[in-house]
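Worksheet: the structure to be examined is printed underneath.
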Protein chains: 2
Amino acid sequence: MYRIGELAQRYEIKTDTLRYYEKHGLLAPSGRSDSGYRLYDEADEVKLRFILRAKGVGFTLAQIQELLMIDASRASWACQDVKAIVENKVVELERKMAELKQFRDSLQQLADACCGGPESAEHCSILDALEVRS
Amino acid sequence: MYRIGELAQRYEIKTDTLRYYEKHGLLAPSGRSDSGYRLYDEADEVKLRFILRAKGVGFTLAQIQELLMIDASRASWACQDVKAIVENKVVELERKMAELKQFRDSLQQLADACCGGPESAEHCSILDALEVRS
DNA sequence: TTTGACCTTTGACCAAACTCCAAGGTTTAT
DNA sequence: ATAAACCTTGGAGTTTGGTCAAAGGTCAAA
């Protein structure tokens, strides 16, 4: 069982952030010490990792909370419902990936076309690079 | 030349958002009518599309402003500098894409493994799905 | 010429996701 | 036994990115 400071330090977040997650129903410590200190266990840590990864790929805390609640109560859901929700998220992620890929390809083409020398970048327009390709 | 309402409507944003972008140095209309109405031209629209696309792939307005300023003053930059900046952005985008891909693959595997039937989803854990694969 | 749909500005307000502060209790090392 | 480094709560403040409202000016159609 870890105290809040240890968990925060290991994931490079503030203790305040963990308290914020608790307050907003995302991650409650599984216990408290006699003196009232929050105590987190391995399962809490798994949940935290999930939260941080999901946040990293652009989900809002509200969306993450939804996923966590589905997961926590999955015994009372039907497989087909969970599958549908997960497949929706997959579609959402793929849309995001496609957007990112287009953006990257455009910038990559600009970088490739740019001589990279010491002369003026007059013709290296970032706006133009992102304009043409749909 | 379009007025603020027309441009806003075409990009499904609020007129207030365009005024906000102007106030924060992202997009100023290229002119004003006699009566003081903002007038946007084709180049402003290109810039707006850039802003919306960049925002769509997760850049903050501050980062977008930076790119716009580099673009606007590129005549006074060296090719190598612009190329370096653009290549940095490409790396950033690729990191994001890799994260997204991992997340999607994990969820996809859960969806694939899930029977999708009417029985309890006890064994379809979203947290578990995202846990193992690094 | 007046009604309705536009536009202007200033300034307040909002939600999300933290982040900090104050006042105090706990633990641990010396 | 006392200082340093933790922890508690409650509440206030911050940043980002808008969004709304008030009070008024403009313009086109009937």
Side-chain angles (χ1 to χ4, degrees), chain A residues 1-41 44-45 47-69 92 96 99 103, chain B residues 1-41 44-45 47-69 92 96 99 103:
Chain A
M1 304 284 265
Y2 329 111
R3 290 192 311 191
I4 197 167
E6 195 188 339
L7 194 61
Q9 196 170 24
R10 282 202 284 127
Y11 288 92
E12 298 181 291
I13 56 176
K14 298 268 165 73
T15 55
D16 278 331
T17 302
L18 284 167
R19 291 195 199 96
Y20 177 86
Y21 288 166
E22 181 177 354
K23 194 174 177 181
H24 291 75
L26 277 101
L27 177 60
S30 52
R32 290 274 180 149
S33 75
D34 288 350
S35 52
Y37 286 14
R38 287 169 179 80
L39 295 173
Y40 297 88
D41 67 8
D44 297 331
E45 209 182 333
K47 220 165 151 181
L48 177 58
R49 272 198 296 270
F50 172 81
I51 292 166
L52 298 178
R53 281 191 72 185
K55 225 166 59 72
V57 298
F59 284 107
T60 64
L61 296 191
Q63 290 174 314
I64 294 168
Q65 192 181 17
E66 197 194 336
L67 286 171
L68 285 171
M69 287 188 320
E92 195 181 319
K96 271 193 190 192
E99 260 175 54
F103 205 95
Chain B
M1 303 286 264
Y2 329 111
R3 291 189 311 188
I4 197 166
E6 193 188 341
L7 195 61
Q9 194 169 25
R10 281 202 284 128
Y11 288 92
E12 298 180 296
I13 56 177
K14 297 268 164 72
T15 55
D16 279 331
T17 301
L18 284 167
R19 292 196 197 96
Y20 177 86
Y21 288 166
E22 181 178 356
K23 193 174 177 183
H24 291 75
L26 277 102
L27 178 62
S30 52
R32 292 271 179 151
S33 75
D34 288 351
S35 52
Y37 288 13
R38 286 169 180 80
L39 295 173
Y40 297 88
D41 67 8
D44 297 329
E45 208 182 333
K47 222 165 149 181
L48 177 59
R49 272 199 297 268
F50 171 81
I51 292 167
L52 298 178
R53 279 191 72 184
K55 226 166 58 72
V57 298
F59 284 107
T60 64
L61 296 191
Q63 290 174 316
I64 294 168
Q65 193 183 16
E66 196 193 338
L67 286 171
L68 284 171
M69 285 188 320
E92 194 182 320
K96 269 192 190 192
E99 261 175 55
F103 205 95

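Each chain gets a letter, A, B and so on, in the order the sequences are listed, and its residues count up from 1.
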From CA spacing to verdict: side chain to side chain donor-acceptor pair (under 3.5 Å), B:Y40, B:E6: CA-CA 10 Å; B:Y40 297 88; B:E6 193 188 341; over 6 Å; no
Measure the spacing between [atom1] of [X] and [atom2] of [Y] and express it to the nearest 0.5 Å.
X     : Y     : atom1 : atom2 : result
A:L67 : A:I51 : CG    : CD1   : 11.0 Å
A:M1  : A:S30 : CE    : OG    : 4.0 Å
A:Y21 : A:I64 : OH    : CD1   : 7.0 Å
B:I13 : B:Y20 : CD1   : OH    : 13.0 Å
B:D44 : B:R38 : CG    : CZ    : 12.0 Å
A:T15 : A:R19 : OG1   : CZ    : 4.0 Å

So if I take residues 27-41 of chain A and measure heavy-atom distances to DNA chain C, which residues fall below 4.0 Å? A:S35, A:Y37
DNA chain C-proximal residues of residues 4-16 of chain A, any heavy atom under 4.0 Å: A:K14, A:D16
d([atom1], [X]; [atom2], [N]) in whole Å:
X     : N      : atom1 : atom2 : value
B:L18 : C:dT9  : CG    : P     : 13 Å
B:F59 : D:dG17 : CZ    : P     : 13 Å
B:L26 : D:dG17 : CG    : C1'   : 11 Å
B:I64 : D:dG17 : CD1   : P     : 8 Å
B:L61 : D:dG18 : CG    : C1'   : 9 Å
A:R3  : C:dT26 : CZ    : P     : 13 Å
B:Q63 : D:dT16 : CD    : C1'   : 12 Å
B:E22 : C:dC7  : CD    : P     : 14 Å

So A:L39 and A:R32, do their side chains get closer than 4.5 Å, heavy atoms only? no
Taking donor-acceptor contacts at under 3.5 Å, does the side chain of B:Y20 reach the base of D:dG17? yes
Please determine whether a side-chain nitrogen or oxygen atom of B:R19 lies at a distance below 4.0 Å from atom OP1 or OP2 of C:dT8. yes
Does D:dA30 have a Watson-Crick or wobble mate here (both distances under 3.5 Å), and if so which one? C:dT1
A:Q9 atom CD, neighbour heavy-atom count above 12 within 6.0 Å: no
Of all the nucleotides listed (D:dG18, C:dC18, C:dA17), which has the minimum atom distance to the side chain of A:T60? C:dA17
Are there any protein N/O atoms within less than 3.5 Å of an N/O atom in nucleotides 12-14 of chain D, and if so, which ones and at what distance?
none

Assess the residue pair A:L48 and A:L18 against the criterion (side chain to side chain contact (heavy atoms under 4.5 Å, CB included)); give the C-alpha distance rounded to whole Å, side-chain angles, the decisive distance to 0.1 Å, and a yes or no. CA-CA 9 Å; A:L48 177 58; A:L18 284 167; 4.0 Å; yes
Closest approach of B:K55 to B:L61 (non-hydrogen atoms, all atoms of both residues): CD-CD2, 3.6 Å
Passes side chain to side chain contact (heavy atoms under 4.5 Å, CB included), A:R10 versus A:L7? Steps please. CA-CA 5 Å; A:R10 282 202 284 127; A:L7 194 61; 4.1 Å; yes
